[in-house]
J.: 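My structure is below; once you've seen it, I'll send some questions.
The analysis underlying the following values was restricted to heavy atoms, covering all of them including side chains, and did not include hydrogens, waters or symmetry mates.
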Amino acid sequence: MSLERLERLERHACFGGSQEVWSHRSAVLGCSMRFGVYLPPQAQARRLPVLYWLSGLTCSEQNFITKAGAQRYAAEHGVILVAPDTSPRGDDVANDDGYDLGQGAGFYVNATREPWARHYRMHDYVVDELPALVEARFPATDVRGISGHSMGGHGALVIALRNPGRYRSVSAFSPIVAPSQVPWGEKALTAYLGNERSAWKGWDATELIAGAQERLPLLVDQGDADEFLDSQLKPQLLQAACAAAGYPIELRMQPGYDHSYYFIASFIGEHVAHHARALRA
């Protein structure tokens with residue numbers, strides 16, 4: 001992997017550490033990509049585990065690093081935070097007029113249909129290319145956790161389930177748990193993978209739980225005032241799948257909370273602590 005084309009775009013002192021934004025040329029996605037990385041103060045002395053955060057529809061790396069307030073907790077626990085963009089971007093990257101498909105809406109899958117297949121391989125980017133870059137360039141170990149919100153919550157669950165042994169922990173805020181059964185997911189999976197629903201099962205957490213090869217600590221927070229709760233998220237489907245498979249899950253329905261970063265900021269400290277416990281094990 002060539003690191004010469006890795007460029008730092010931002011650096012801000014934060015809780016004794018450094019919040020940075022970097023860009024690089026992605027061979028997997030065939031475009032320039034950006035990601036945020038928070039290096040807590042402990043990173044000045046030793047290599048640290050990494051918590052990867054996957055954001056939701058319409059987001060970039062900026063939403064999490066500016067709104068969640070996670071840096072304070074990462075500094076307390078000695079965890080590096082890495083937040084990639086949500087999709088490939090660029091003038092030659094396929095897009096759609098809708099907010100829920102194309103740029104800003106990669107759904108963390110490997111697309112097989114044109115025009116998407118050329119660039120939209122966010123699963124491989126998050127699982128392989130980005131960690132290899134992070135572990136080569138920054139004081140990071142190969143001990144990893146993964147979390148995310150909404151579409152990114154879907155990504156975190158699916159990526160952890162598809163890659164046993166690669167992550168120590170997983171959590172999610174307001175995840176799309178069953179994309180095969182909700183409008184957001186049906187639109188995206190049809191576009192990226194085609195009309196054959198059997199191909200969708202490998203990208204649906206409720207389908208993957210039944211064949212899970214490991215039992216990672218799983219924490220899910222969901223606001224009961226979320227405007228997408230009944231139409232797009234349906235956490236009860238994940239809870240039922242976990243019960244059927246004997247997969248341990250802590251699903252917390254949070255009264256009065258919606259789908260916003262106000263919700264994430266309220267509980268992100270508990271999620272970072274959840275991951276830190278597993279990453280230290």
Side-chain angles (χ1 to χ4, degrees), residues 1 3 6-24 33-56 59-86 125-149 152-153 155-156 159-160 163 166-173 216-221 261-281:
M1 172 179 294
L3 300 181
L6 185 64
E7 178 185 5
R8 188 170 66 191
L9 305 178
E10 298 181 28
R11 183 184 184 279
H12 310 281
C14 187
F15 291 101
S18 178
Q19 176 61 61
E20 303 177 359
V21 176
W22 291 76
S23 71
H24 72 108
M33 287 293 287
R34 294 161 58 111
F35 63 93
V37 57
Y38 176 67
L39 302 172
Q42 298 92 330
Q44 299 174 29
R46 65 182 189 276
R47 301 178 77 84
L48 300 173
V50 182
L51 174 57
Y52 290 86
W53 172 271
L54 307 182
S55 292
C59 291
S60 71
E61 81 288 340
Q62 292 291 324
N63 299 74
F64 178 71
I65 67 176
T66 60
K67 295 181 179 180
Q71 294 93 340
R72 168 186 174 184
Y73 306 104
E76 289 178 5
H77 293 285
V79 174
I80 294 172
L81 301 174
V82 173
D85 201 349
T86 53
Y125 176 72
V126 170
V127 173
D128 297 316
E129 187 178 28
L130 182 60
L133 186 157
V134 167
E135 290 158 23
R137 174 59 180 79
F138 301 97
T141 70
D142 62 359
V143 177
R144 313 175 194 94
I146 192 164
S147 186
H149 171 234
I159 284 173
N163 296 278
R166 193 147 183 85
Y167 302 93
R168 294 273 185 90
S169 57
V170 59
S171 75
F173 287 84
L216 296 179
L218 175 53
L219 172 64
V220 176
D221 269 316
Y261 265 83
Y262 296 108
F263 169 47
I264 296 169
S266 298
F267 299 100
I268 192 65
E270 294 172 39
H271 280 245
V272 174
H274 162 83
H275 289 277
R277 287 191 293 271
L279 297 175
R280 287 193 299 264

J.: If we ignore hydrogens and angles and just use 3.5 Å, is the side chain of R144 paired with the main-chain N or O of Y52 as donor and acceptor?
T.: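 No, R144 side chain to Y52 backbone: no donor-acceptor pair under 3.5 Å.
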J.: On a heavy-atom basis, which atom in A74 and which in P40 lie closest, and how many Å separate them?
T.: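 Heavy-atom minimum between the residues: O-CB, 3.8 Å.
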J.: Could you tell me whether the side chain of R72 and the main chain of F15 form a donor-acceptor pair under 3.5 Å?
T.: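 No; judged by distance alone, with no hydrogens or angles, the pair does not exist.
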J.: Pick out which of Q19, E76, H12 makes a side chain to side chain donor-acceptor pair (under 3.5 Å) with Q71.
T.: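 Testing Q71 for a side chain to side chain donor-acceptor pair (under 3.5 Å) against Q19, E76, H12 leaves exactly one candidate, Q19.
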J.: Would you mind checking if R34 and E7 are paired as a salt bridge, meaning a charged N to carboxylate O distance below 4.0 Å?
T.: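 No, this pair does not count.
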J.: At what distance, to the nearest 0.5 angstrom, does CD1 of I146 lie from CG of N163?
T.: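 One finds 8.5 Å between CD1 of I146 and CG of N163.
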J.: Flag the pair Y38 / W53 as yes when their ring centroid distance falls below 6.0 Å, and as no otherwise.
T.: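 No, too far apart.
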J.: Can you tell if the side chain of E129 reaches within under 4.5 Å of the side chain of M33, non-hydrogen atoms only?
T.: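 Side-chain contact under 4.5 Å: no.
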J.: Are the side chains of V37 and V134 in contact, using a 4.5 Å heavy-atom criterion?
T.: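 Result no, sub-4.5 Å side-chain heavy-atom pair not found.
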J.: Check salt bridge (charged side-chain N to carboxylate O under 4.0 Å, His left out) between R277 and all other residues, then give those that pass, not counting sequence neighbours.
T.: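 Applying salt bridge (charged side-chain N to carboxylate O under 4.0 Å, His left out) to R277 gives none.
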J.: If I compare all heavy atoms of A70 with all of L81, which pair ends up nearest, and what's the gap?
T.: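 Smallest interatomic distance, heavy atoms only, reads CB-CD1, 3.6 Å.
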J.: Under 6.0 Å between ring centres: does that hold for Y73 and H271?
T.: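 Ring-ring flag for Y73/H271: false, centres at least 6.0 Å apart.
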J.: Can you measure from CG (L6) to CG (L133) and round to the nearest 0.5 angstrom?
T.: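 Atom-to-atom, L6:CG and L133:CG are 5.0 Å apart.
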J.: Closer than 3.5 angstrom, by distance alone: can the side chain of R166 be matched with the main-chain N or O of G145 as a donor-acceptor pair?
T.: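 Absent.
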J.: Going by heavy atoms in the side chains, are F173 and I268 under 4.5 Å from each other?
T.: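 Yes, side chains in contact.
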J.: By ring pair (Phe, Tyr, Trp, His ring centres under 6.0 Å), which residues pair with Y167, not counting sequence neighbours?
T.: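 So Y167 forms no ring pair (Phe, Tyr, Trp, His ring centres under 6.0 Å) with any residue.
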J.: Tell me if a side-chain donor or acceptor on T86 pairs with a main-chain N or O of C59 at a distance below 3.5 Å.
T.: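 Yes, T86 side chain to C59 backbone: donor-acceptor pair under 3.5 Å.
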J.: First locate atom CD of E20, then atom CZ of R11, and finally report the distance between them rounded to the nearest 0.5 Å.
T.: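 Result: 6.0 Å between the selected atoms.
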J.: Drop me the distance from L54's CG to F64's CZ, to the nearest 0.5 angstrom.
T.: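 Here the rounded value is 10.0 Å.
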J.: Heavy atoms only: give me the nearest L48-G78 pair and the separation to one decimal.
T.: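 Looks like CD2-O, 3.6 Å.
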J.: If you take all heavy atoms of A156 and S147, which pair is closest and at what distance?
T.: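 The pair with the smallest heavy-atom distance is CB-C, 3.6 Å.
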J.: In terms of relative ring orientation, are H24 and Y125 parallel, tilted or perpendicular, with 30° and 60° separating the classes?
T.: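 Judged by the thresholds at 30° and 60°, the geometry between H24 and Y125 is parallel.
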J.: Supply the atom-to-atom distance T141 OG1 to L279 CG, rounded to the nearest 0.5 angstrom.
T.: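 That separation rounds to 8.0 Å.
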J.: Assess the side chains of H275 and S171: does a donor N or O sit below 3.5 Å from an acceptor N or O?
T.: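 Note: H275 and S171 side chains meet the donor-acceptor criterion.
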J.: Is a donor from one side chain sitting under 3.5 angstrom from an acceptor on the other, for Q62 and S60?
T.: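 Distance-only check fails for Q62 and S60.
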